Amino acid sequence: MPSDTSPSVDSADDAEAQPDLYRPSEIEPRWQQYWVDNASYEVDNDDPRPRGYVLCMYPYPSGAAHMGHVRNYTFGDLLTRYRTMQGEAVLSPMGFDSFGLPAENAAIRTGVHPREFTDARIAELTSSLVRIGGAYDWRREVRSHDPSYMRWTQWIFLKLLEAGLAYRKKAAVNWCPGCQTVLANEQVVDGRCERSGDLVERRDLDQWYFRITDYADQLLDDLEGLDWPERVVTQQRNWIGRSEGVEFEMPICDENGTAHPDGLTMRVFTTRPDTSYGMTFCVVAPEAPLVAQITTADRAAEVEEFVARVRNTSEIDRLSTEGSLDKRGSFTGAYALNPFTGDPVPVYLADYVLATYGTGAVMAVPGEDQRDWDFATAFGLPIIETVQRPDGFEGGAYTGDGGSVNSPPADRQGLPGPVLNGMDMVAAKAAAIEWIEAQGLGEGTVNFRLRDWLVSRQRFWGCPIPVVYCDACGIRPVPLDQLPVLAPDDVEFRPTGQSPLQSHEGFLHTTCPDCGGPARRETDTMDTFVDSSWYFLRFCDPWNDELPFDQEAVDAWMPVDQYIGGAEHAVLHLMYARFFTKALSDLGVAPEGLREPFHRLFTQGMIRLDGAKMSKSKGNLVAPEEIIDTLGADSLRLAHLAVKPPEEDVDWEDFGLEGCSRFLQRLWRVAVPGSVLVADAPVRTGEPTEVDLGILRTTNRLIEDVTRDYDRWAYNVAVAHCMAHLNELYRYVQGESGVHEPTLEFATDTLITVLAPATPHITAELWARRHDSGHVHERPWPVADESMLVEETATMVVQVNGKVRDRVEVPADADEASCIAAALASTKVSAHLDGDPRKVIARPPKIVNFVT
RNA sequence: GCCCGGGUGGCGGAAUGGCAGACGCGGCGGACUCAAAAUCCGCUGUCCGAAAGGGCGUGUGGGUUCAAAUCCCACCCCGGGCACCA
């Protein structure tokens, strides 16, 4: 109504007039500045307090923080602040995993140098992290692309090279056409590039590898002592894929058992030597060099055609179980002597046998192996059972345990092999291996699925591999005093798919450090997982310019007490970092006793929107910054904590932002000095009444509950306990009994204190206002008064035949007899009791159950 | 196929042998207001019932127990991991 002359309700003016209002956008930046100015979360290496190391996986700088970052860093920040309040010196560093393809792709698109692009993204992300309220020791920040970090990444590479743990070899590798680079096995998922989703191709290329397989046993065994989610441990175990078995020689012969003129033998690997009597044929990988030597003339044409076809088949098709087996195998014409029976068995090729695993050749036992059974059925080969089937067993191969049979077959006496009849699988295996070793045919061995880590990448925006190629001296390391090798700045980024380093004459040409002659620089860079395999060590001593880190500094902080990040790194980063830690420890770079980097691991769930994983590329991003602008960082943090158990995936729709924001406003209204709510309540002094004692008890209970909840990562439950306590306070303040000032003071201050790790800004502000600029985060974590946890009366449940019929108040220390008496006194109970109960179970003071 | 998780109101979840559904969201009602928003108070598993009260109820079916969401057996469904690795 234009003529209305009533006072304006313009919200800005209104806010000015009401100093009581909770205004996060005004409070939050001020406290963020305070924590920086006061070095609140900077810790020195000689800090006298007990030490803790809380680490969130350092982020790839993709610009302003997304919800996944907020979730991750909220959990880490809560823990840092909580443990600091418990009296620890908590190392909480932050850095950036700043090499990687997005920056290079952006350079090709826009012409902006990846460094410029990356530095700008880091600035954005840093600002986000500050706005979330993260407590970090920023002095220790590291960036993968910083020359002072690259220098030591390259230094470590050369240490590994010197130790023989880095090497170069030519092999069939995974090539991602989208990323225009090779990939490690771990970065190929279902035949596709883990990053871009492109189908990977096989190429024979010379590449750099780290000998992670040297550590296969340790990487497997040391999983035992880790406090990690079972899921991640299982994934690592699967990936390493240890299997025990035996390798043995089989002489190549013709179909009559006459030895091959060249005396050729074939080595096979099996985990089931107990079934050797059932071997009716052998299978060799088509790529095996042996194939050309043993193939008979009459089979040569068909074998050649088969090998050619397999080579041209994509990895995906080859691993597929589709297609009939007879088209996927071929007879070589050769035979091999089964040492157990002395009989010749035919040697086949099949694409299901992999050249890269074991010996690339297997003995086939169709009776006890499903793949062999399928193959034997397709090619009409004989099947011999060597393990007793359980009653009622139907189907092809039997892979379970059972008594060994048919060794030697009853109708063929005088065979060379061991007698296994009647033994169970374990005993028969042992006996077979013992026999093989005694005969000098072979020995028990262990095979792993894990392959060496391919680390070279044909990209520009990564850490250069610090070696040169000299025509005279071969591969030479760049001298340590010349590190870091830096990529030149005067490069042009073109969409050719080729790294600009490969055509940069000035970078390419150099001199050999040994002979001084002309040499060519390595143009490949390292996998970015190399950078992230040691950053947690650098955080302990980031200022060191003589070594990557000092052993004493690392000893002071490592291992990381609590590592927090996404489960998607289960077999990538987490495996590589474990390998680096062990290798650096063995090389005397890291402390001798440091065998594992991350003592405890927590993997938080993903955030989904409309059921899909939240990501920029899918355009479904909810921007944290916008929520911080309006509701504040504390509300956003609280919503992340409250919504779900932290390890579970969560849909954005389920976030209770309004509820959390409302809670903080309610907290503010009751806790801010001059609170209208409190001012309206009649104030009492003197001795506390029963009502006041009730509040004291629930407050002590709150301390107990929240401490336990924080310790067991039940953050959603911790928030619920705080909310319940605030509801209690409201009932108290608005109740008829009035408030007892010291009681209300204690109840409010305690709530603020236990919330301080979760919502740091509002609690810091309220505490400072209530206590003359004191700082809640510098206070010790509260401890519950045990005597206040004991209730004087308890609500006892009375059941008849297990059904609840009444609840009665009894003294907390009531004995069994008085509990039963109290229960019988209830008319509601006696209405259900027809005469004397047959049996009475009493658990004073919680429950009495009458059985009739 | 194998190995892990998981299945509880309209929704997210809580409860680890002893009151199922804490806390939040949503919904309903009330107070305040000219009115609305905000705020405050209350109710909110389901069925029968006017009420008092009672029946049923934690994926399904069995079992153990005075007592089971919780422990055991079998199965169904959902999510994740592994899968020609001999």
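A, B, ... follow the sequence lines: proteins, then strands. Residue 1 opens every chain. Please read these numbers as outputs of a predicted model, since none were measured by experiment.
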Under 3.5 Å for both donor-acceptor distances, Watson-Crick or wobble: does [N] have a partner, and if so which one?
N	value
B:rG57	none
B:rA20	none
B:rC43	B:rG27
B:rG79	B:rC4

Nucleotide B:rA68, atom C1' - distance to CD1 of A:Ile847 in whole Å: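 Going from A:Ile847 (CD1) to B:rA68 (C1'), I get 12 Å.
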
Considering every strand and a 4.0 Å limit on heavy-atom distances, what is the contact class for [X]: base, sugar-phosphate, or nothing?
X	answer
A:Val851	sugar-phosphate
A:Phe850	nothing
A:Arg838	nothing
A:Arg451	base

Test of ring centre spacing under 6.0 Å for A:Phe375 and A:Trp373: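 Here the rings of A:Trp373 and A:Phe375 have centres that are no less than 6.0 Å from each other.
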
Any side-chain N or O of [X] less than 4.0 Å from the OP1 or OP2 oxygen of [N]?
X	N	answer
A:Asn727	B:rG24	yes
A:Arg237	B:rC4	no
A:Arg669	B:rC40	yes
A:Tyr357	B:rA86	yes
A:Gln370	B:rG1	no
A:His725	B:rC23	no

Looking only at atom [atom1], what distance separates [N] and [M], rounded to whole Å?
N	M	atom1	value
B:rG29	B:rU16	C1'	38 Å
B:rC32	B:rG24	P	25 Å
B:rA68	B:rG62	C1'	14 Å
B:rG12	B:rA22	C1'	13 Å
B:rC11	B:rC47	P	14 Å
B:rG45	B:rA15	C1'	16 Å
B:rU44	B:rG53	P	14 Å

Interatomic distance, A:Ser330 atom OG to A:Tyr348 atom OH [nearest 0.5 angstrom]: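 It comes to 9.0 Å.
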
A:Phe602 and A:Trp713 aromatic ring geometry - parallel, tilted or perpendicular at 30°/60° bounds: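 Rings of A:Trp713 and A:Phe602: parallel, under 30°.
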
Lys/Arg N to Asp/Glu carboxylate O, A:Lys644 vs A:Asp649, below 4.0 Å: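 Looking at A:Asp649 together with A:Lys644, the answer is no, because their closest N to O distance does not fall below 4.0 Å.
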
Short N-O contact, A:Arg608 and A:Asp651, less than 4.0 angstrom: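 Yes, charged N to carboxylate O under 4.0 Å.
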
